[in-house]
Amino acid sequence: MIKSASVCLLLLTLVLPGSVTEASPVKKQALKLPAHAVHPKVMPAAQLSVTPESTHSSGREIDQSHLRHLHPFAHDVVLIDVGHGGIDGGTSYGDILEKDINLAISRRLFMLLRKEGYHAVLNRDADYALSDDNRWHRTSSRHRRDLSQRKQLSSEIPTKLVVSVHVNWGKNASKRGGIVLHQSEGRSTLLAETIQEQLNLVYRSNNGIIVGKPYYLLNQTQVPAVIVETGFLSNMEDRKLLTSRNGQMMIAEAIADGIISYLTAL
C-alpha cells in the first residue's frame with residue numbers, strides 16, 4: 001500500500017486543516033507560502049551538466065563545503081513521505097481514503113517536529129500525485145514514476161532520515177495497531193524500534209517491526225528509512241483513531257516521539 005526534475009516542497013507554517021472523518025475527507029486547498037519555502041527545481045544528477053561558471057579557469061575542483069549555508073536546505077532534514085495522493089487513493093473504506101489520512105497525520109507530524117526544533121520537510125502538502133511531477137523517469141508506469149520521485153527527493157536535499165506514512169489493511173478485520181517496516185540496516189532498525197514502541201503504547205498492542213524487503217523506497221533510499229503503517233483501516237477501533245482529530249494527533253505524536261528518541265540516541 002505503499003520520483004526529481006520539478007519538485008516543489010512546501011514547508012507548512014499554517015494552522016492545520018480539519019481532520020479526516022468518515023463523512024468528509026481532507027479538503028484540497030492551495031497554500032500561499034513565502035518564496036524561500038519553495039524547493040527549487042532540480043534535475044537528477046545524471047542529467048546535470050558542468051558549466052564554465054561551475055569550475056575554476058585553472059581546472060581545479062571547487063571546494064563548496066563552505067557554501068552549504070547557501071543551500072535552500074542548510075540542515076539535514078527529516079523527510080516525511082506522505083503516501084499516495086491524487087489519482088492514487090491508497091486503501092479505502094467507503095468514502096474514507098488512505099491518502100487523506102496520510103496527509104492529515106503527516107501535517108501534524110511535521111508541525112510537532114518543527115515545534116521541537118527539528119528540520120522537517122513534507123514531500124506533498126495537498127492532494128496530488130507525485131508522479132505528475134516526474135518528467136525524468138521514462139516509463140509508462142505511473143506507479144513507478146511515483147516511487148522513483150519519492151526516492152529521488154532524498155538525494156536532492158540533505159536528508160537525515162525518511163519516514164513514509166501509510167495506512168494498513170487486512171483481510172482479517174481483527175488485525176489492528178501500527179506496524180513499522182524497515183531496511184536491513186542497523187540505523188533503520190533502531191528508528192523502526194523507537195517508533196514501534198510508541199505506536200504500541202497508543203494502540204495498547206505488542207506488534208513487532210518487520211523488514212520491508214519488497215518495498216522500493218526502502219531498497220533504493222540511501223539514508224535510514226522506515227515505512228509506518230499507522231493502523232488498520234479494516235479494523236473498526238483503528239478506523240476511529242485514524243479518522244478523528246485526536247486519534248491522528250496521538251499517532252503523529254507517537255511517530256514524532258520515536259523519531260526524537262532515535263535522533264537523541266545517535
Side-chain angles (χ1 to χ4, degrees), residues 1-4 7-12 39 42 44-45 71-73 75-85 90 98-99 102-103 105-114 116 118-125 130-131 133-134 137 143-167 178-196 198-199 209-230 251-252 254-266:
M1 287 178 288
I2 325 269
K3 331 180 197 330
S4 145
V7 174
C8 285
L9 284 179
L10 304 180
L11 305 183
L12 298 179
H39 186 268
V42 289
H71 191 284
F73 295 93
H75 303 276
D76 289 355
V77 303
V78 174
L79 178 55
I80 304 171
D81 173 56
V82 189
H84 306 284
E98 177 189 352
K99 64 177 183 178
N102 294 342
L103 182 57
I105 292 175
S106 295
R107 281 173 162 170
R108 286 164 169 78
L109 174 59
F110 171 86
M111 297 299 288
L112 289 167
L113 291 174
R114 297 287 289 183
E116 294 299 321
Y118 292 91
H119 301 277
V121 170
L122 291 164
N123 63 1
R124 73 176 175 92
D125 75 311
L130 292 183
S131 57
D133 287 334
N134 192 325
H137 190 175
H143 183 59
R144 290 185 180 181
R145 291 198 307 274
D146 178 271
L147 291 176
S148 61
Q149 184 78 357
R150 294 175 187 275
K151 174 264 177 185
Q152 183 64 26
L153 196 54
S154 66
S155 62
E156 290 177 350
I157 63 176
T159 304
K160 187 185 299 290
L161 58 91
V162 177
V163 175
S164 185
V165 178
H166 286 265
V167 174
I179 297 176
V180 186
L181 297 88
H182 62 93
Q183 301 159 311
S184 298
E185 191 262 357
R187 294 169 300 171
S188 175
T189 302
L190 176 59
L191 175 60
E193 288 175 342
T194 57
I195 295 176
Q196 185 70 65
Q198 296 301 318
L199 285 174
I209 61 176
I210 299 174
V211 178
K213 290 183 179 180
Y215 297 104
Y216 180 94
L217 185 69
L218 298 180
N219 291 329
Q220 299 298 320
T221 304
Q222 300 304 308
V223 298
V226 295
I227 295 172
V228 181
E229 297 285 0
T230 56
I251 294 169
I255 300 173
D257 288 346
I259 293 173
I260 293 172
S261 293
Y262 165 81
L263 293 175
T264 303
L266 293 181

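Computed over heavy atoms, backbone and side chain alike; hydrogens, waters and symmetry mates excluded.
Within the 3.5 Å criterion, the main-chain N or O of Ala225 finds a donor-acceptor partner in the side chain of Ser188. In this structure a side-chain-to-backbone donor-acceptor pair under 3.5 Å is present from Gln222 to Gln220. With hydrogens and angles ignored, the 3.5 Å screen pairs no side-chain donor or acceptor of Gln198 with any backbone N or O of Ile259. The backbone N or O of Tyr262 lies less than 3.5 Å from no partner atom in the side chain of Arg187, so there is not a single donor-acceptor pair.
Applying side chain to side chain contact (heavy atoms under 4.5 Å, CB included) to Val226 and the options Leu161, Leu191, Leu181 leaves one that passes, Leu191. Only one option out of Ile255, Leu199, Thr230 pairs with Val180 in a side chain to side chain contact (heavy atoms under 4.5 Å, CB included); it is Leu199.
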Apply side-chain contact (heavy atoms from CB on, under 4.5 Å) to residues Ile105 and Val228 and explain how you reach the verdict.
CA-CA 11 Å; Ile105 292 175; Val228 181; over 6 Å; no

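One finds the OG atom of Ser261 at 9.5 Å from the CD1 atom of Ile195 (value rounded to the nearest 0.5 Å). The structure places CD1 of Ile179 at 11.5 Å from CD1 of Ile209, a figure rounded to the nearest 0.5 Å. In this structure, CD in Glu116 is found 5.0 Å from CD1 in Ile260, a value given to the nearest 0.5 Å. Atoms CZ and CG, from Arg107 and Asp125 in turn, are 6.0 Å apart once rounded to the nearest 0.5 Å. The distance from the OG1 atom of Thr264 to the CG atom of Asp257 is 10.0 Å, given to the nearest 0.5 Å. Taken to the nearest 0.5 Å, the CG atom of Leu79 stands 5.0 Å off from the OG1 atom of Thr159.
When all heavy atoms of Thr194 and Gly258 are compared, the pair lying nearest together is OG1-O, 2.9 Å. Among all heavy-atom pairs drawn from His182 and Ala192, the shortest one is CB-CB, 3.7 Å. Across Glu98 and Gly90, no two heavy atoms sit closer than the pair OE1-CA, 3.5 Å. Of all the heavy atoms in Ala252 and Arg108, the pair that sits closest is CB-CB, 3.7 Å. When all heavy atoms of Pro214 and Asn219 are compared, the closest pair comes out as C-ND2, 3.9 Å. Counting all heavy atoms, side chain and backbone alike, Asn102 lies closest to Gly83 at ND2-O, 3.0 Å.
Using a 30° and 60° split on the angle between ring planes, His119 and His75 fall in the parallel class, below 30°.
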